[in-house]
Amino acid sequence: MRIDIVTIFPEFFGVLDVSLVGKARQSGLLDVRVHDLRDYTHDRHRTVDDTPYGGGAGMVMKPEPWGEALDAILAVADQTEPQDPGVSSVVIVPSPAGRPFTQKEARDLATVDHLVFACGRYEGIDQRVMDHAATRPGVEVREISLGDYVLNGGEVAAIAMIEAVGRLVPGMVGNPESLTEESHEDGLLEYPSYTKPSAWRGHEVPAILLGGNHGAIAAWRHDQQVERTRRVRPDLLPDQP
Ligand code: JEE
């Protein structure tokens, strides 16, 4: 999978050299490239923002640098076979006004060959950038929100999305069994986990887990899942009051 990231803060993405995503990059499974939006400006001050039409607070990202950056990055996608009608690139625009990012979205994005993350700052990106990109053959644009809270830009959201997608890319994870388990998800929160020692600072591991009765352990774990879900995420259970 190829991932291009456009941002005015390329240094945020240093974290992608680390851990699972870092290993996938070393193995060649993930090809991640970070682009500085200011490299696509032409003025002395490398300006990327301007005042909003219609007034209002803050600044908006100018369309021209974004247009040139996406022209360069999507030129690769344009070269794919004309008789291939499918989507070759998905442009993801992190936005507080996007549809919510979910595990389902992550699973879908993990099947795409080319992802482009367009990370905005200020009050966001001129809407015509997204509208124009969506007119390109083979390109789909998705405005996606990491969650219902306000960040200062799209970078942190993009990093979270790349980690969630990256671990699902086929051939990538160190532990395929943990992913099989996730795909059989029942929509409940996880049960609590314990490891050695069996007693620590006066807290005991639940006795059922030490007994080796695998049927009883499975039933206890399921019970814990239901109880925890009712307590902290009742919205996940069917038949809401
Ligand atoms: C991308 C700029 C900052 C702050 C106006 C008006 C928004 C933009 N889950 C998520 N939260 N925030 C983002 C996100 C934030 C971004 C950009 C993503 C680019 N910003 C910004 C304030 C506002 N506010 C009232 O409603 C809330 C706009 C994000 C994701 N993904």
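One-based numbering, in listed order, for ligands and for the atoms of each.
- A side-chain donor-acceptor contact under 3.5 Å links S145 to the backbone of G147.
- Using a 4.0 Å cut-off between a side-chain N of Lys or Arg and a carboxylate O of Asp or Glu, D126 and R128 qualify as a salt bridge.
- Ligand 1 places these atoms under 4.0 Å from at least one heavy atom of I144: 31 (N).
- At a heavy-atom distance under 4.0 Å, no atom of I125 approaches ligand 1.
- Given atom 27 (C) of ligand 1, the protein heavy atom at minimum distance is V150 CG2, 3.9 Å.
- A salt bridge is absent between K62 and D43: the closest approach of a Lys/Arg side-chain nitrogen to an acidic carboxylate oxygen does not fall below 4.0 angstrom.
- Interface atoms of ligand 1 facing S145, defined by a heavy-atom separation under 4.0 Å, are 9 (N), 31 (N).
- Within the 4.5 Å cutoff, the side chain of F12 has no heavy atoms near those of the V34 side chain.
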side-chain contact (heavy atoms from CB on, under 4.5 Å) between F13 and I159, worked out:
CA-CA 7 Å; F13 295 90; I159 290 165; 3.6 Å; yes
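- Nearest protein heavy-atom neighbour of atom 16 (C) of ligand 1: G153 CA, 3.6 Å.
- In terms of N/O distances under 3.5 Å, ligand 1 is approached by S95.
- Nearest residue to atom 23 (C) of ligand 1 from R121, E123, E143, E155 is E123 (criterion: closest heavy atom).
- The residue from F101, Y122, Y149 that puts a heavy atom closest to atom 11 (N) of ligand 1 is Y149.
- Near A157, the atoms of ligand 1 lying under 4.0 angstrom from a non-hydrogen atom of the residue are 30 (C), 31 (N).
- Of the candidates P94, A158, P96, the one placing a heavy atom closest to atom 7 (C) of ligand 1 is P96.
- Of the protein's heavy atoms, at least one falls inside 4.0 Å of atom 31 (N) of ligand 1.
- For R121 and E155, the salt-bridge test passes: some basic side-chain N is under 4.0 Å from an acidic carboxylate O.
- One finds the CD1 atom of I144 at 7.5 Å from the CZ atom of F117 (value rounded to the nearest 0.5 Å).
- From T7, atom OG1 reaches atom NE2 of H35 across 11.0 Å, with rounding to the nearest 0.5 Å.
- Distance check on atom 9 (N) of ligand 1: some protein heavy atom falls below the 4.0 Å cut-off.
- In this structure a side-chain-to-backbone donor-acceptor pair under 3.5 Å is missing from R228 to L189.
- Here the side chains of H132 and L70 are not in contact, with every heavy-atom distance at 4.5 Å or above.
- Interface atoms of ligand 1 facing G147, defined by a heavy-atom separation under 4.0 Å, are 9 (N), 10 (C).
- Some N or O of L151 is nearer than 3.5 Å to an N or O of ligand 1, by distance alone.
- The closest approach between any non-hydrogen atom of V93 and ligand 1 is not below 4.0 Å.
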